[in-house]
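For reference, positions follow the sequence shown, starting with 1. Remember, it's 1-based here, ligands and their atoms both numbered in the order they're listed.
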Amino acid sequence: MDMAYETLLVEIEAGVMSITLNRPDRLNAFTAVMLAELTLALDAAEKEEAVRAILITGAGRGFCAGQDLGDRKVIDEDIDLGASLEERYNPLVKRLRALPKPVVCAVNGVAAGAGANFALCCDIVLAAEGASFIQAFAKIGLIPDCGGTWLLPRLVGHARAMGLALTADKLEARRAADWGLIWQVVPDAELMREATSLARHLATQPTRALGLTKQALQASSTHSIDSQLAIERDLQREAGRTEDYREGVAAFREKRVPAFKGR
Ligand code: LHQ
């Protein structure tokens, strides 16, 4: 099933909604339209029961170069970038993280500025060997946004986060994986095969449990062990009431592969 967007290619196949950022001549830089369309696509992904995983990538040689700096408005005299974050970027980041289905990101090329941090907000990030991550903000007099100042120290530690943010140096995919910034690096030619196969696998898994797992792990960085144990208790109660839990245990007892339905 294909859906019509101006800046995205969106299709649903084998339980996976694939979203391709599609402004390749601008390295898929974000525009207001693209940000709005991404929110629409994620809304559809959540509502559509047949969608049990999301795969995000970029068209052409880049993943996403962050905010479109060609847009005249970004340097208007009275520009309020805080408002732009509040109205467009922050809701998208929150939407992505709160989506109760796994989101795989296939970083096919350079991911810079808001484009890098948008990728890092996804649940599992794979990158092609030729891809790279750049906290480009300092180069244009800005600070990392889209959750970068929260995510980076948690993913790679304070020293590396500070180095990446203050120098705006390019981090190659291989090193990003070595540092634990992303899940895996794969040869360029294999990126989409690997990422699609991972997303399709996740789409066959107990979707509700995966959504609850995502919720629990995200909560962990702002909770004590005691309150995290309480979160696990509440979310496990919910998981234990799903059909997929009963199916998982039945399949184990019957020594067969479980047929999860996502409910
Ligand atoms: C682009 C862009 C781009 C437009 C490449 N825009 N055209 C900001 C403000 C507002 C609110 C909220 O938050 C933010 C957050 C941000 O995202 S700030 C950070 C914005 N992004 C950047 O600073 C990155 C700018 N781009 C680059 O530094 C380079 O393009 C990278 C390192 C990503 C890639 O370099 P190359 O591989 O050498 O490619 P290129 O520079 O030749 O780019 C190819 C084309 O894409 C080129 O157009 P052209 O017509 O000359 O072929 C670029 O102008 C265009 N492009 N990024 N962000």
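At a heavy-atom cutoff of 4.0 Å, ligand 1 is contacted by the side chain of Phe137 but not by its backbone. Contacts of Ala29 with ligand 1, taken as heavy-atom pairs under 4.0 Å, involve the side chain alone. Contacts between Arg61 and ligand 1, counted as non-hydrogen atom pairs separated by less than 4.0 Å, involve the side chain only.
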Item to complete: Under the salt bridge (charged side-chain N to carboxylate O under 4.0 Å, His left out) rule, what do Asp123 and Arg97 come out as? Steps first, then yes or no, please.
Response: CA-CA 8 Å; Asp123 301 318; Arg97 287 173 54 83; over 6 Å; no

Worksheet item: Glu49 and Lys261: salt bridge (charged side-chain N to carboxylate O under 4.0 Å, His left out), yes or no, with the steps?
Response: CA-CA 10 Å; Glu49 233 183 282; Lys261 299 210 175 73; over 6 Å; no

Item to complete: For the pair Arg174 and Glu172, evaluate salt bridge (charged side-chain N to carboxylate O under 4.0 Å, His left out) and give the outcome as yes or no after the intermediate values.
Response: CA-CA 6 Å; Arg174 171 73 54 200; Glu172 305 290 350; over 6 Å; no

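Salt-bridge check for Glu6 with Arg23: failed, with every basic side-chain N at 4.0 Å or more from each acidic carboxylate O.
In this structure, atom 43 (O) of ligand 1 lies nearest to the protein heavy atom Leu27 CD1, 3.6 Å. In terms of protein heavy-atom proximity, atom 8 (C) of ligand 1 is nearest to Gln67 CB, 3.4 Å. For atom 4 (C) of ligand 1, the nearest non-hydrogen atom of the protein is Asp68 OD1, 3.3 Å. When only non-hydrogen protein atoms are considered, atom 32 (C) of ligand 1 lies nearest to Ile134 CD1, 3.7 Å. For atom 15 (C) of ligand 1, the nearest protein heavy atom (residue, atom name, distance) is Asp145 OD2, 3.3 Å.
Taking the six-membered ring wherever Trp is involved, the centroid distance between the rings of Tyr89 and Phe30 falls below 6.0 Å.
Across Asn90, Asp43, Thr39, a single residue satisfies side chain to side chain donor-acceptor pair (under 3.5 Å) together with Arg95, and that is Asp43.
Of the N or O atoms in Ser84, none lie within a sub-3.5 Å distance of an N or O in ligand 1. Between Leu69 and ligand 1, a contact under 3.5 Å exists for at least one N or O pair.
Connectivity analysis of hydrophobic side chains (ILVMFWY, heavy atoms under 4.5 Å, direct or indirect) links Leu202 to Val16, Leu55, Val104, Ile124, Leu126, Trp183, Val186, Leu191, Met192, Leu198, Leu210.
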All N/O donor-acceptor pairs, side-chain side in residues 76-85, below 3.5 Å, sequence neighbours left out:
residue, atom, partner, partner atom, Å
Asp80, OD1, Gly82, N, 2.9
Asp80, OD1, Ala83, N, 3.0

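A heavy-atom separation below 4.0 Å is found between Asp25 and ligand 1. Residue contact check for ligand 1: Ile140 places a non-hydrogen atom closer than 4.0 Å to it. Ligand 1 is approached by Arg26 to a heavy-atom distance shorter than 4.0 Å.
Leu27 and Leu21 are not part of a single hydrophobic cluster, where members link through side-chain heavy atoms under 4.5 Å apart.
Closest heavy-atom approach to atom 20 (C) of ligand 1 within the set Ala65, Ala136, Ala112: this belongs to Ala65.
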